[in-house]
2 protein chains.
Amino acid sequence: MDNSPEGLLRSHGLSVTAQRLTVLQTITDYPHITADQAAEVARKKIGAISRQSVYDTLNTLVEKGLARRIQPMDSPALFEDRVGDNHHHLVCRSCGIVEDVDCSTGYRPCLQASDDNNFIIDEAEVTYWGLCPKCQPKSTKSQAKQTPTRKAKS
Amino acid sequence: MDNSPEGLLRSHGLSVTAQRLTVLQTITDYPHITADQAAEVARKKIGAISRQSVYDTLNTLVEKGLARRIQPMDSPALFEDRVGDNHHHLVCRSCGIVEDVDCSTGYRPCLQASDDNNFIIDEAEVTYWGLCPKCQPKSTKSQAKQTPTRKAKS
DNA sequence: ATCATTATTTGGACATAGTCCAAAATTGTG
DNA sequence: CACAATTTTGGACTATGTCCAAATAATGAT
């Protein structure tokens with residue numbers, strides 16, 4: 001019933017602290033944020049929070065199923081509060097921006113591997129790689145002037 | 001025409017060195033190996049090789065398309081020499097072992113995301129998560145006795 | 001409201017994976 | 001063979017994250 005952030009924490013057996021509320025709010029405001037970026041944002045909101053506390057909180061939220069961690073190659077872990085729907089991600093090879101994408105085939109796409117090697121599969125994680133609109137070479141214009149926040153491959 | 005490891009390196013504009021040959025051989029022998037493990041193996045073969053050299057070689061091989069790098073969550077980068085077929089991977093959540101799986105739908109599976117957010121998508125990377133045969137709880141027997149080489153989630 | 005208990009937070013040290021850099025060694029070339 | 005270009009080496013450094021014990025804050029019971 002209680003859908004507030006406080007209720008969410010309590011219903012998962014967690015005590016309510018300013019740090020947790022702030023970190024929770026932060027990943028809601030900025031999905032796909034890194035731990036260190038989240039710490040920065042949180043500090044602006046409540047003045048001070050230790051790095052360790054941000055890591056702890058994020059790990060706890062993931063454990064309790066209140067947050068999801070993804071980790072595209074060449075990127076530190078990213079956190080988002082969209083959970084429970086097994087959506088996928090689209091990552092720009094140039095600037096690293098991440099967008100959500102829904103499952104293409106409706107539900108649990110690709111969960112049947114062609115040969116499961118006798119594994120018990122519980123999740124198919126799909127990462128689409130490409131170039132975001134901003135990083136795409138513009139038709140005739142020069143394509144050299146970008147400000148990559150991430151090392152471009154190749 | 002020259003299909004030897006030496007020819008492979010030369011045809012990609014790389015000079016042939018003992019270090020490169022050894023690292024190349026190593027990822028062929030041990031697909032899904034980490035850089036540090038590859039260094040260990042390589043040292044057994046040729047006596048000595050610097051850590052940096054292994055990293056350099058692996059990066060070069062990936063750049064030249066002679067190797068592929070994958071990076072499952074909570075794992076250092078893994079290297080394999082199977083390239084050019086965009087196959088996928090099956091990862092055990094308990095012991096971390098990685099197996100190859102072919103594309104379920106034949107070619108470029110899932111490459112059509114439901115909504116591409118105007119990205120130009122060039123690859124769909126699929127990681128299947130689950131439990132390998134060895135790590136699966138056996139029917140009625142105790143399920144506590146495993147030797148996890150990787151921190152189990154939960 | 002206050003106290004005791006338990007959970008959380010903090011800061012500092014540590015670990016791991018990987019990169020940067022300049023000097024030394026090796027490879028390919030004329 | 002000798003020279004130029006490439007590669008290798010080792011040491012310092014960076015980034016991301018974890019471990020630990022002490023200090024602090026939150027919760028539950030008076």
Please report the distance, rounded to the nearest Å, between CG in A:L61 and P in C:dT8.
11 Å
Select from B:A77 and B:D56 the residue whose nearest nucleotide in DNA chain C is closer to the 5' end of that strand.
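Going by which nucleotide is closer to the 5' end, it is B:A77.
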Straight-line distance of B:Q25 CD to B:D81 CG, nearest 0.5 Å:
9.0 Å
At under 4.0 Å between heavy atoms, what does A:A18 touch on the DNA or RNA strands: base, sugar-phosphate, or nothing?
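If one applies the 4.0 Å heavy-atom cut-off, A:A18 turns out to touch nothing in the nucleic acid.
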Figure out the CD1/C1' separation between A:I46 and D:dA25, and round it to whole Å.
13 Å
Are B:R10 and C:dG28 close enough that a side-chain N or O sits under 4.0 Å from OP1 or OP2?
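So the side-chain polar atoms of B:R10 do come within 4.0 Å of the phosphate oxygens OP1 or OP2 of C:dG28, strictly under.
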Which nucleotide, C:dT10, D:dG17, D:dA26, lies nearest any side-chain atom of A:S15?
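Among the listed nucleotides, the one closest to the side chain of A:S15 is D:dA26.
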Atom pair distance, as rounded to whole Å: CD in B:Q71 and P in C:dG18:
6 Å
If you look at every strand shown and take non-hydrogen atoms under 4.0 Å, does A:Q19 touch a base, only sugar-phosphate, or nothing?
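Answer is sugar-phosphate: A:Q19 comes under 4.0 Å of backbone atoms only.
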For A:I49, does its backbone N or O pair with a side-chain atom of A:R43 as donor and acceptor, under 3.5 Å?
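At least one qualifying donor-acceptor pair exists.
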Measure the shortest side-chain to side-chain distance between A:L21 and A:L9 over non-hydrogen atoms and say whether it is less than 4.5 angstrom.
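Yes. Closest side-chain heavy atoms under 4.5 Å.
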In terms of the nearest nucleotide of DNA chain C, which residue is placed more toward the 5' end: B:D36 or B:L14?
B:D36
Between D:dT16 (P) and B:M73 (CE): distance, integer Å:
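Answer to the nearest Å: 16 Å.
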Establish whether B:V98 and B:I33 are linked, either directly or via other cluster members, by ILVMFWY side-chain heavy-atom contacts under 4.5 Å.
no
Closest listed nucleotide, where the reference is the side chain of A:T17 and the choices are C:dT19, D:dT9, D:dA26:
D:dA26
From D:dG11, C:dT9, D:dC20, pick the nucleotide closest to the side chain of A:Q52?
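The closest nucleotide is D:dC20.
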Rounded distance (Å) that lies between atom P of C:dT8 and atom NE2 of A:H12
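Distance, rounded to whole Å: 14 Å.
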I need the CZ-P distance between A:F79 and D:dG17, as an integer number of Å.
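Rounding to the nearest Å, CZ of A:F79 and P of D:dG17 are 7 Å apart.
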Residue A:Y55, side-chain atoms from C-beta onward, closest of D:dT18, D:dT7, D:dT8:
D:dT18
Starting at atom CZ of A:R69, determine the distance to atom P of D:dT16, rounded to an integer number of angstrom.
14 Å
Please state whether the phosphate of C:dG18, meaning OP1 or OP2, lies under 4.0 angstrom from any side-chain nitrogen or oxygen of B:N59.
no
Is there a donor N/O on one and an acceptor N/O on the other, under 3.5 Å, for the side chain of B:R51 and the base of D:dG10?
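Not at all, since no donor on one side and acceptor on the other fall under 3.5 Å apart.
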How close or far is atom C1' of C:dT26 from atom CG of B:L21, stated in whole angstroms?
14 Å
In terms of side-chain heavy atoms of B:S50, which of C:dG18, D:dG10, D:dG17 is nearest?
D:dG10
Check: A:V91 and A:E99 side chains under 4.5 Å, non-hydrogen atoms
no
